[in-house]
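To start, the structure under review is shown below, and the notes come after it.
What you see is a predicted model; the values in this text were computed from it and never measured. Scope of the values below: all heavy atoms of this structure, side chains included, with no hydrogens, waters or symmetry mates.
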Amino acid sequence: MSTRRFALATLAALMLVGCQKSGPEKQAFKGVDLTGAEYARQLNLTDQDGRARSLADFKGKVLVVFFGYTQCPDVCPTTMAEVAEVKRSLGADGDKVQGIFVTIDPERDTAQLLKAYMASFDPSFVALRGSAEQTQAAAKEFKVFFAKVPGKTPESYTMDHTAASFIFDTEGRVRVYARYGAGPQALADDIKLLLAEK
């Protein structure tokens, strides 16, 4: 190798070293990082026991908020089952995780039905419901889409909706958008990162 080539190779190597970050790198979320988002800042609805609830009620816990409906055939039960699985897998730290289900179908999802639905996944999970107007306002605040899809009878409609969860840190700030289908391990990893934050 000529002296000129050697000098250029050495210079290139030094430039690459200079580009590398020093110190420990912050671990990235598996979901979409929403840190600093200007939405999903409030949620004021009634729970399955008739109590008015807000995000502030759950401060100190990592929240997993999901918008769905009890007659959903796949996405909703799969998501809630994964949240329950992750909560159990965390052992004692699972007590610091709160699953929250917001119904987009208050017409059919009564408080009694929501209570039974939550109990089938984890008795500590909270279901929230409101009027049609309150539901629309909550969805708008979270930038969640939902729409009624007519069925064969007026009662057999389904709902198209955003299939993702919002994960909040212990200070009540939205931090992660977890897409449906990422699996429980990705959810667990992101929750662990938030639980580890000081």
Side-chain angles (χ1 to χ4, degrees), residues 31-32 34 37-59 61-87 97-168 172-184 187 191:
V32 179
L34 293 183
E38 294 292 312
Y39 60 95
R41 290 174 295 182
Q42 57 183 339
L43 185 59
N44 299 292
L45 294 167
T46 305
D47 72 13
Q48 68 264 42
D49 295 315
R51 290 177 294 181
R53 294 294 197 123
S54 72
L55 291 173
D57 294 338
F58 305 102
K59 199 166 181 182
K61 293 190 175 190
V62 169
L63 309 181
V64 182
V65 178
F66 180 80
F67 285 72
Y69 67 114
T70 62
Q71 301 202 32
C72 175
D74 42 31
V75 174
C76 304
T78 299
T79 298
M80 297 314 293
E82 286 182 354
V83 177
E85 180 185 333
V86 168
K87 183 178 162 78
V97 177
Q98 179 65 58
I100 297 179
F101 181 88
V102 183
T103 181
I104 53 167
D105 187 16
E107 187 179 332
R108 291 183 298 191
D109 287 346
T110 63
Q112 189 175 4
L113 183 57
L114 287 167
K115 194 167 190 168
Y117 192 66
M118 290 298 96
S120 69
F121 299 107
D122 187 298
S124 75
F125 284 1
V126 171
L128 299 176
R129 72 185 296 272
S131 64
E133 294 77 19
Q134 289 170 323
T135 303
Q136 284 284 0
K140 185 178 179 184
E141 172 64 20
F142 276 71
K143 299 190 180 209
V144 163
F145 162 83
F146 71 90
K148 188 185 278 191
V149 180
K152 290 180 180 177
T153 66
E155 297 79 29
S156 67
Y157 62 86
T158 58
M159 303 289 288
D160 279 349
H161 62 97
T162 299
S165 301
F166 297 83
I167 310 176
F168 289 72
R173 298 169 299 208
V174 68
R175 298 292 300 281
V176 182
Y177 180 87
R179 292 186 183 98
Y180 174 71
L187 183 63
I191 288 172

**Contacts of type side chain to side chain contact (heavy atoms under 4.5 Å, CB included), residue Q136, not counting sequence neighbours** = F146

**Item:** Contact check, side chains of I100 and F125, non-hydrogen atoms, under 4.5 Å
**Value:** no

**Request:** Could you grab the distance from atom CZ of R175 to atom CG of L63, nearest 0.5 Å is fine?
**Result:** 12.5 Å

**Message:** If the condition is side chain to side chain contact (heavy atoms under 4.5 Å, CB included), which residues does Q48 pass it with, not counting sequence neighbours?
**Reply:** L114, K115, M118, V126, A127

**Asked** Would you call L128 and T103 a side-chain contact if the rule is heavy atoms closer than 4.5 Å?
**Response** no

**Prompt:** Is a donor on one side and an acceptor on the other found under 3.5 Å between the side chain of K61 and the backbone of Q98?
**Reply:** no

**Results of salt bridge (charged side-chain N to carboxylate O under 4.0 Å, His left out) for E133 - residues two or more places apart only** = none

**Asked** How would you list, by chain and number, every residue that makes a salt bridge (charged side-chain N to carboxylate O under 4.0 Å, His left out) with R53, sequence neighbours excluded?
**Response** D47

**Fill in**
Of all heavy-atom pairs linking P106 and G130, the shortest is CB-O, 3.1 Å

**Request:** Output, in order, the C-alpha distance, side-chain angles, deciding distance and verdict of side chain to side chain contact (heavy atoms under 4.5 Å, CB included) for Y180 and T78.
**Result:** CA-CA 9 Å; Y180 174 71; T78 299; 3.9 Å; yes

**Residues forming a side chain to side chain contact (heavy atoms under 4.5 Å, CB included) with T162, sequence neighbours excluded** = V144, F145, A164, Y177

**Request:** Could you pull out all residues at least two apart from R173 that satisfy salt bridge (charged side-chain N to carboxylate O under 4.0 Å, His left out)?
**Result:** D169

**Prompt:** Taking only residues at least two apart or on different chains, which pairs with a member in residues 140-158 satisfy salt bridge (Lys or Arg N to Asp or Glu O under 4.0 Å)?
**Reply:** E107-K148

**Item:** Under the side chain to side chain contact (heavy atoms under 4.5 Å, CB included) test, residues paired with A37 that sit two or more places apart
**Value:** L34, Y39, V174

Below 3.5 Å, can you tabulate the donor-acceptor pairs from side chains in residues 64-76 to any protein atom, sequence neighbours excluded?
unit_1 : atom_1 : unit_2 : atom_2 : d
Y69    : OH     : M159   : N      : 3.2
T70    : OG1    : D109   : OD1    : 2.4

**Request:** Please tell me if the side chains of L187 and I167 come closer than 4.5 Å, counting only heavy atoms from C-beta onward.
**Result:** yes

**Item:** Listed partners of D160 passing salt bridge (charged side-chain N to carboxylate O under 4.0 Å, His left out), at least two apart
**Value:** none

**Item:** Heavy-atom side-chain proximity of R51 to T46 below 4.5 angstrom
**Value:** no

**Heavy-atom closest contact (V86 atom, P184 atom, distance)** = CG2-O, 3.3 Å

**Exercise: identify the closest heavy-atom pair between A84 and D122** = CB-CB, 4.4 Å

**Prompt:** With a 4.5 Å limit on heavy-atom distance, are the side chains of S165 and E82 in contact?
**Reply:** no

**With R108 via side chain to side chain donor-acceptor pair (under 3.5 Å) - residues at least two apart** = D105, Y157

**Message:** Restricting to non-hydrogen atoms, name the atom on A138 and the atom on L43 that form the minimum distance, rounded to 0.1 Å.
**Reply:** CB-CD1, 3.9 Å

**Complete:** Across all chains, not counting sequence neighbours, the ring-ring contact (aromatic ring centres under 6.0 Å, His included) partners of F121 are Y117

**Request:** Check whether any side-chain heavy atom of Q134 lies under 4.5 Å from a side-chain heavy atom of L45, and answer yes or no.
**Result:** yes

**Where S54 and N44 come nearest, the two heavy atoms and their spacing** = CB-OD1, 3.1 Å

